[in-house]
Number of protein chains: 2
Amino acid sequence: MKVPADTKASTTCDECPIRYRAVCARCEADELSRLEEIKFYRSFEPGQPIVWGGDRMDFVASVVSGVATLTQTLEDGRTQMVGLLLPSDFLGRPGRDRAAYDAVAISRVVLCCFRRKPFDDMMTAMPHLSQRLLEMTLDELDAAREWMLLLGRKTAREKIASFIAIVARREASLQESKPGGQMTIELPLTREAMADYLGLTLETVSRQISALKREGVIELQGKRGVLLPDFERLVGESGDDSDGGWIA
Amino acid sequence: MKVPADTKASTTCDECPIRYRAVCARCEADELSRLEEIKFYRSFEPGQPIVWGGDRMDFVASVVSGVATLTQTLEDGRTQMVGLLLPSDFLGRPGRDRAAYDAVAISRVVLCCFRRKPFDDMMTAMPHLSQRLLEMTLDELDAAREWMLLLGRKTAREKIASFIAIVARREASLQESKPGGQMTIELPLTREAMADYLGLTLETVSRQISALKREGVIELQGKRGVLLPDFERLVGESGDDSDGGWIA
DNA sequence: CGCATGGTTGAAGGTTCTCAACCCTCGTGG
DNA sequence: CCACGAGGGTTGAGAACCTTCAACCATGCG
């Protein structure tokens, strides 16, 4: 097992790829420099745990690059993903010194970390920080509620279609474009991780993907690549009304 | 159908039952009086809608008394509860002028409402307000994630046991006591609403409650009353490890 | 090469849903 | 007064969907 590579802060906030989307998005130059003093980078290899639920966690962090998951596990081993952390997402909770969930790196992940205590102090001193965190937390809550609808009421087929549509929307938004028509995407998760996300078994995930392929809703390019001949048709399979994204 | 009884602000914040738990919990006397200027009360009868998802919503509010639900509906009518609003909980999102979900009064509900625009302004001017809202939102996010585990991975029996345990914990906390041993509780929801909460059909809810009764895990007192001979035994049926409440 | 990891597919079985009948309570109006 | 209907709840039978268990395939790496 490779050990975490704790690296020096090698990047300045000015040239940070998540400068305008992370917790620090609203900070002015002077506020940013105070954050810069307490920040440090850590990176994790694919499959490597970032923290275990219940463990002491003396930092909070922004995801700079890569994908990580937040999962919960029942005593008999059943696991459910409860969060998917993408670049600019925030990990940890101010004022709490223990991790609530298991966090695992899916791809190579770089975190911009802040020691918890000084960060907590800045939270009260810098309204720009707490306002932005509130906004991000409210967005996460909305996403969690959308996810609850999926887990509680959608069929396996609808869950898969919804997941692919979510990934497609996000890839489109990264390219500042609207999803629609034909597009190609890359699934960020294995079949097993998708199953944990969707509350299914990996076999059911595999079968439903095969079914959507058989019916021409999607085409596969390798294991992870997906070609969508018609985005709207996929959305039609997801059970959502319209585009599922009326929220701003 | 009875019409909503919009009532005057008849209570001062000093004697408000949710004074130290709602969004306003951290506010000082002077801050409170500024809130008091823009607040007004509204009440809703059982079954009455508070807002429909997508509708314009020009206020945010704290639940003063009663129980309300937040639900989402798929186009074919399947519905999933995504929030359960109890006294002191917050309804609405600052900075957003449309409701994201359907909100419905379950019992008689009294809301302490604030017009959105002045409230938004106070959010930026009064850190005590936004800090408290952040804290409440983070708690809700934790609850939503617990809920996702339930929806995605628990069996019908475990879902019912979990739900009863949640209600029991809350009733205990209202009496400032710890749950345990023998206790009696009152279910706040109909079988149908429980089904919407748990991602089940109402028949399955009814059957599982009957099964728990048959096996002596619970005893029924009327439709809503439940006697728990042994709280720990119930928790053992919920699938959670230990008491499910290690978070603070 | 051999093995580990990730993925696909099949058959059988079980949990939950659907459809349906029926019960109880309570409030209302003939 | 009591019949009746509405709302909420229980229970049964059968079907559907998803899981479980198992075999097998493809890829990549030491």
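We name chains A, B, ... by the order of the sequence lines, and we start the count at 1 in each one. What you see is a predicted model, and the numbers here were worked out from it, not measured in a lab.
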Next on the checklist: Please identify which of these residues, B:Thr73, B:Thr69, B:Val51, meets the side-chain contact (heavy atoms from CB on, under 4.5 Å) condition with B:Asp102.
Outcome noted: B:Thr73

Report the distance from atom [atom1] of [X] to atom [atom2] of [N], rounded to the nearest whole Å.
X        : N      : atom1 : atom2 : value
B:Arg78  : D:dC17 : CZ    : C1'   : 13 Å
B:Ile160 : D:dT10 : CD1   : P     : 10 Å
A:Glu203 : D:dC24 : CD    : P     : 16 Å
A:Arg157 : D:dC17 : CZ    : P     : 11 Å
A:Leu202 : D:dC18 : CG    : P     : 15 Å
B:Arg224 : D:dT10 : CZ    : P     : 11 Å

Item to check | DNA chain C: 5'-most and 3'-most nucleotides touching chain A, 4.0 angstrom heavy-atom criterion | outcome: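 The contacted stretch runs from C:dG7 to C:dA11.
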
Next on the checklist: Tell me which one of A:Lys154, A:Arg153, A:Lys159 satisfies salt bridge (charged side-chain N to carboxylate O under 4.0 Å, His left out) with A:Asp240.
Outcome noted: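 Passing option: A:Lys154.
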
Item to check | A:Thr204 side-chain N/O to D:dT19 phosphate OP1/OP2 under 4.0 Å | outcome: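 Checking D:dT19 against A:Thr204, a side-chain N or O does come within under 4.0 Å of OP1 or OP2.
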
Item to check | Donor/acceptor link under 3.5 angstrom from B:Arg207 side chain onto base of D:dG12 | outcome: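 Yes, the side chain and the base share a sub-3.5 Å donor-acceptor pair.
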
Checklist entry - How long is the span from the CG atom in B:Asp89 to the CG atom in B:Leu84, to the nearest 0.5 Å? => result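 B:Asp89 atom CG to B:Leu84 atom CG measures 8.0 Å (nearest 0.5 Å).
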
Checklist entry - When we call it a touch if two heavy atoms are under 4.0 Å apart, what does B:Gly199 touch: a base, just sugar-phosphate, or nothing? => result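 Sugar-phosphate contact only - B:Gly199 comes under 4.0 Å of backbone atoms but never of a base.
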
Next on the checklist: Quick check on contacts: within residues 208-222 of chain B, what sits under 4.0 Å from DNA chain D by heavy-atom distance?
Outcome noted: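 Output list: B:Ser210.
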
Item to check | Step-by-step side chain to side chain contact (heavy atoms under 4.5 Å, CB included) determination, B:Leu85 to B:Leu91 | outcome: CA-CA 8 Å; B:Leu85 298 178; B:Leu91 172 67; 3.8 Å; yes

